[in-house]
Amino acid sequence: MRQTYETKDDRERETEIATICARAWDCEALKLKIAAELDYVFHRGGEIHAVVEIKDRTSGRGYSSHDMDRMGGYMISACKYQSAKRWCETHTSAFVLIVRLTDGIFWRRWTQTLPRVDIALGGRSDRGDWQDKEPCVFLPMSTFTRLRVPPQLAVVTP
(Lines give C-alpha, C1' and ligand atoms only; values in the text may rest on other atoms or scores of the structure.)
Protein backbone atom coordinates (compact mmCIF):
# COMPACT_ATOMS: atom_id res chain seq x y z
CA MET A 1 0.00 0.00 0.00
CA ARG A 2 1.30 3.47 -0.92
CA GLN A 3 2.25 5.91 1.83
CA THR A 4 -0.04 8.92 2.09
CA TYR A 5 1.38 12.34 2.84
CA GLU A 6 -1.88 14.06 3.72
CA THR A 7 -1.85 15.34 7.30
CA LYS A 8 -4.56 16.37 9.75
CA ASP A 9 -3.66 20.01 8.96
CA ASP A 10 -4.13 19.32 5.24
CA ARG A 11 -7.61 17.90 5.89
CA GLU A 12 -8.50 20.87 8.10
CA ARG A 13 -7.42 23.34 5.37
CA GLU A 14 -9.45 21.39 2.81
CA THR A 15 -12.51 21.53 5.08
CA GLU A 16 -12.02 25.27 5.54
CA ILE A 17 -11.91 25.82 1.77
CA ALA A 18 -15.01 23.65 1.26
CA THR A 19 -16.87 25.61 3.95
CA ILE A 20 -15.96 28.99 2.47
CA CYS A 21 -17.02 27.95 -1.03
CA ALA A 22 -20.22 26.23 0.08
CA ARG A 23 -21.25 29.34 2.04
CA ALA A 24 -20.46 31.58 -0.94
CA TRP A 25 -22.55 29.37 -3.24
CA ASP A 26 -25.39 28.84 -0.72
CA CYS A 27 -25.05 25.08 -0.51
CA GLU A 28 -23.69 22.40 1.80
CA ALA A 29 -20.45 20.48 1.41
CA LEU A 30 -20.44 16.76 2.11
CA LYS A 31 -17.02 15.09 2.42
CA LEU A 32 -16.89 11.89 0.39
CA LYS A 33 -15.41 8.68 1.76
CA ILE A 34 -11.67 8.15 1.44
CA ALA A 35 -12.15 5.49 -1.25
CA ALA A 36 -13.95 8.00 -3.50
CA GLU A 37 -11.86 9.46 -6.28
CA LEU A 38 -12.97 13.05 -5.60
CA ASP A 39 -13.27 15.07 -2.36
CA TYR A 40 -16.75 16.53 -1.86
CA VAL A 41 -20.30 16.77 -3.08
CA PHE A 42 -21.90 20.22 -2.94
CA HIS A 43 -25.66 19.97 -2.54
CA ARG A 44 -28.72 22.01 -1.71
CA GLY A 45 -31.92 20.45 -0.43
CA GLY A 46 -30.64 16.97 -1.27
CA GLU A 47 -29.98 17.89 -4.89
CA ILE A 48 -26.35 17.41 -5.90
CA HIS A 49 -25.04 20.40 -7.83
CA ALA A 50 -21.39 19.40 -8.16
CA VAL A 51 -18.74 16.92 -7.24
CA VAL A 52 -15.69 18.85 -6.09
CA GLU A 53 -11.95 18.38 -5.91
CA ILE A 54 -10.16 20.75 -3.53
CA LYS A 55 -6.47 21.60 -3.51
CA ASP A 56 -4.61 23.92 -1.15
CA ARG A 57 -1.26 25.27 -2.28
CA THR A 58 -0.67 27.81 0.51
CA SER A 59 1.30 25.75 3.02
CA GLY A 60 5.06 25.41 2.97
CA ARG A 61 6.49 27.59 0.23
CA GLY A 62 3.02 28.44 -1.06
CA TYR A 63 2.16 29.26 -4.66
CA SER A 64 0.33 32.16 -6.27
CA SER A 65 -1.68 32.12 -9.49
CA HIS A 66 1.30 33.81 -11.18
CA ASP A 67 3.59 31.01 -9.94
CA MET A 68 1.17 28.46 -11.43
CA ASP A 69 1.23 30.22 -14.80
CA ARG A 70 5.04 30.29 -14.76
CA MET A 71 4.99 26.51 -14.19
CA GLY A 72 2.68 25.92 -17.16
CA GLY A 73 -0.67 26.16 -15.34
CA TYR A 74 -2.32 24.47 -12.41
CA MET A 75 -1.16 20.85 -12.36
CA ILE A 76 -3.63 18.08 -11.62
CA SER A 77 -3.00 14.37 -11.86
CA ALA A 78 -4.15 12.90 -15.16
CA CYS A 79 -5.84 10.13 -13.13
CA LYS A 80 -7.79 12.74 -11.12
CA TYR A 81 -8.71 14.54 -14.37
CA GLN A 82 -9.93 11.22 -15.80
CA SER A 83 -12.10 10.67 -12.70
CA ALA A 84 -13.67 14.08 -13.23
CA LYS A 85 -14.12 13.35 -16.94
CA ARG A 86 -15.98 10.11 -16.13
CA TRP A 87 -18.16 12.02 -13.67
CA CYS A 88 -19.16 14.59 -16.30
CA GLU A 89 -19.86 11.90 -18.90
CA THR A 90 -22.19 9.91 -16.64
CA HIS A 91 -23.97 12.49 -14.45
CA THR A 92 -25.89 15.70 -14.94
CA SER A 93 -24.25 17.63 -12.11
CA ALA A 94 -21.02 19.56 -12.59
CA PHE A 95 -17.43 18.90 -11.63
CA VAL A 96 -15.69 21.80 -9.86
CA LEU A 97 -11.97 22.10 -9.20
CA ILE A 98 -11.19 24.52 -6.36
CA VAL A 99 -7.63 25.66 -5.70
CA ARG A 100 -6.55 27.91 -2.84
CA LEU A 101 -3.36 29.79 -3.67
CA THR A 102 -1.55 32.53 -1.78
CA ASP A 103 -3.47 35.19 -3.73
CA GLY A 104 -6.97 33.75 -3.40
CA ILE A 105 -9.33 30.86 -3.97
CA PHE A 106 -9.82 29.98 -7.64
CA TRP A 107 -12.34 27.63 -9.21
CA ARG A 108 -13.19 26.08 -12.51
CA ARG A 109 -16.47 24.35 -13.37
CA TRP A 110 -17.29 21.81 -16.04
CA THR A 111 -20.88 20.82 -16.78
CA GLN A 112 -20.34 18.58 -19.76
CA THR A 113 -17.58 16.32 -20.94
CA LEU A 114 -14.14 17.59 -20.04
CA PRO A 115 -12.08 18.25 -23.15
CA ARG A 116 -9.26 16.02 -24.31
CA VAL A 117 -6.03 17.61 -23.14
CA ASP A 118 -2.33 17.06 -23.51
CA ILE A 119 -0.52 15.43 -20.61
CA ALA A 120 3.02 15.86 -19.39
CA LEU A 121 5.12 14.40 -16.63
CA GLY A 122 4.63 16.27 -13.38
CA GLY A 123 4.84 15.88 -9.65
CA ARG A 124 7.33 16.20 -6.86
CA SER A 125 10.93 15.13 -6.56
CA ASP A 126 11.76 16.44 -3.07
CA ARG A 127 10.54 13.41 -1.09
CA GLY A 128 12.47 10.68 -2.88
CA ASP A 129 9.23 8.80 -3.63
CA TRP A 130 9.23 7.43 -7.18
CA GLN A 131 5.41 7.44 -7.12
CA ASP A 132 5.33 11.24 -6.79
CA LYS A 133 5.94 11.59 -10.55
CA GLU A 134 3.04 10.84 -12.88
CA PRO A 135 1.24 12.01 -16.03
CA CYS A 136 -0.45 15.35 -15.28
CA VAL A 137 -2.69 17.91 -16.93
CA PHE A 138 -1.73 21.60 -16.76
CA LEU A 139 -4.69 24.01 -16.73
CA PRO A 140 -4.02 27.71 -17.48
CA MET A 141 -4.97 29.96 -14.57
CA SER A 142 -6.79 32.21 -17.05
CA THR A 143 -9.46 29.47 -17.25
CA PHE A 144 -10.18 29.77 -13.50
CA THR A 145 -12.38 32.30 -11.71
CA ARG A 146 -11.31 33.97 -8.46
CA LEU A 147 -13.87 33.36 -5.72
CA ARG A 148 -15.37 36.61 -4.54
CA VAL A 149 -16.79 36.32 -1.05
CA PRO A 150 -18.06 38.87 1.43
CA PRO A 151 -15.62 39.14 4.39
CA GLN A 152 -18.10 37.52 6.79
CA LEU A 153 -18.14 34.35 4.62
CA ALA A 154 -14.38 34.13 4.33
CA VAL A 155 -13.93 33.65 8.09
CA VAL A 156 -14.55 30.09 9.24
CA THR A 157 -15.19 29.55 12.92
CA PRO A 158 -15.32 26.11 14.51
Side-chain angles (χ1 to χ4, degrees), residues 1-2 4-60 62-69 73-119 122 134-158:
M1 187 167 172
R2 181 166 195 264
T4 59
Y5 296 101
E6 185 180 59
T7 66
K8 181 177 182 268
D9 286 344
D10 294 332
R11 288 186 296 277
E12 288 173 357
R13 283 192 300 275
E14 180 183 281
T15 299
E16 178 182 31
I17 296 164
T19 302
I20 290 168
C21 292
R23 286 179 181 171
W25 295 328
D26 190 30
C27 59
E28 294 182 48
L30 173 69
K31 175 73 173 144
L32 296 174
K33 61 185 178 182
I34 292 172
E37 295 174 310
L38 301 166
D39 294 329
Y40 282 83
V41 165
F42 279 25
H43 66 96
R44 187 180 309 115
E47 182 182 347
I48 295 174
H49 291 278
V51 66
V52 178
E53 177 68 15
I54 297 175
K55 300 293 185 185
D56 180 57
R57 297 296 181 249
T58 60
S59 64
Y63 293 98
S64 71
S65 58
H66 301 292
D67 293 331
M68 291 293 147
D69 278 335
Y74 182 76
M75 178 182 71
I76 185 170
S77 155
C79 289
K80 190 70 75 168
Y81 189 84
Q82 184 62 37
S83 295
K85 186 172 176 52
R86 278 194 314 273
W87 177 272
C88 287
E89 289 172 349
T90 57
H91 304 289
T92 57
S93 54
F95 166 68
V96 178
L97 174 60
I98 300 170
V99 183
R100 181 165 61 181
L101 302 169
T102 58
D103 55 340
I105 296 175
F106 298 83
W107 59 278
R108 184 169 175 184
R109 180 176 185 262
W110 291 268
T111 56
Q112 308 236 339
T113 301
L114 276 72
R116 289 175 53 117
V117 292
D118 291 332
I119 59 172
E134 63 181 310
C136 293
V137 171
F138 292 82
L139 304 169
M141 288 306 299
S142 62
T143 64
F144 286 78
T145 301
R146 183 188 306 264
L147 183 70
R148 306 273 186 225
V149 296
Q152 67 273 21
L153 292 182
V155 177
V156 177
T157 55

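For clarity, every value in this text was computed on a predicted model and none was experimentally measured.
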Reference residue Leu101; test side chain to side chain contact (heavy atoms under 4.5 Å, CB included); the match among Met68, Arg146, Lys55: Met68
Would you give me the side-chain donor-acceptor pairs under 3.5 Å for residues 26-34, sequence neighbours excluded?
{"residue": "Lys31", "atom": "NZ", "partner": "Glu14", "partner atom": "OE2", "Å": "2.9"}

Check whether any side-chain heavy atom of Glu53 lies under 4.5 Å from a side-chain heavy atom of Phe95, and answer yes or no. yes
Closest non-hydrogen atom pair between Leu147 and Ala24, with its separation: CD1-CB, 4.1 Å
So, taking the atom named CG in Asp56 and the one named CD in Glu12, what distance separates them when rounded to the nearest 0.5 Å? 12.0 Å
Could you measure the distance from the CG atom of Asp69 to the OH atom of Tyr74? Nearest 0.5 Å is fine. 13.5 Å
Donor-acceptor pair, distance only, cut-off 3.5 Å: does the side chain of Asp39 make one with the backbone of Ile54? yes
Heavy-atom side-chain contact between Arg13 and Asp10 under 4.5 Å: yes
Return the minimal non-hydrogen interatomic distance between His43 and Ile48, and the atom names on each side. CB-CA, 4.0 Å
Within a 6.0 Å radius of atom NE2 on His66, are there more than 12 heavy atoms belonging to other residues, nucleotides or ligands? no
Mark yes or no for whether Asp103, through its side chain, and Ser65, through its backbone, hold a donor-acceptor pair below 3.5 Å. yes
CD1/Ile98 to CZ/Phe144 distance, rounded to the nearest 0.5 angstrom? 10.5 Å
For side-chain contact (heavy atoms from CB on, under 4.5 Å), just list the numbers for Trp110 and Leu97, CA-CA rounded to whole Å, side-chain angles, deciding distance to a tenth of an Å, and then say yes or no. CA-CA 9 Å; Trp110 291 268; Leu97 174 60; 3.9 Å; yes
Measure the CE-OH distance between Met141 and Tyr63 for me, rounded to the nearest 0.5 Å. 14.0 Å
Working for side-chain contact (heavy atoms from CB on, under 4.5 Å), residues Ser59 and Asp9: CA-CA 10 Å; Ser59 64; Asp9 286 344; over 6 Å; no
Beyond-backbone contact of His49 with Trp25, side-chain heavy atoms, under 4.5 angstrom: no
Side chain proximity check, Asp67 to Arg57, heavy atoms < 4.5 angstrom: no
Can you check whether Glu37's main-chain N or O pairs, donor with acceptor, with Lys80's side chain at less than 3.5 Å? yes
Can you confirm whether Asp118 is buried at CG, in the sense that more than 12 heavy atoms of other residues, nucleotides or ligands lie under 6.0 Å from that atom? no
Once the angle between the rings of Tyr40 and Phe42 is folded into 0 to 90°, is it parallel (under 30°), tilted (30 to 60°) or perpendicular (over 60°)? perpendicular
Is the shortest side-chain heavy-atom distance between Cys136 and Tyr81 below 4.5 Å? no
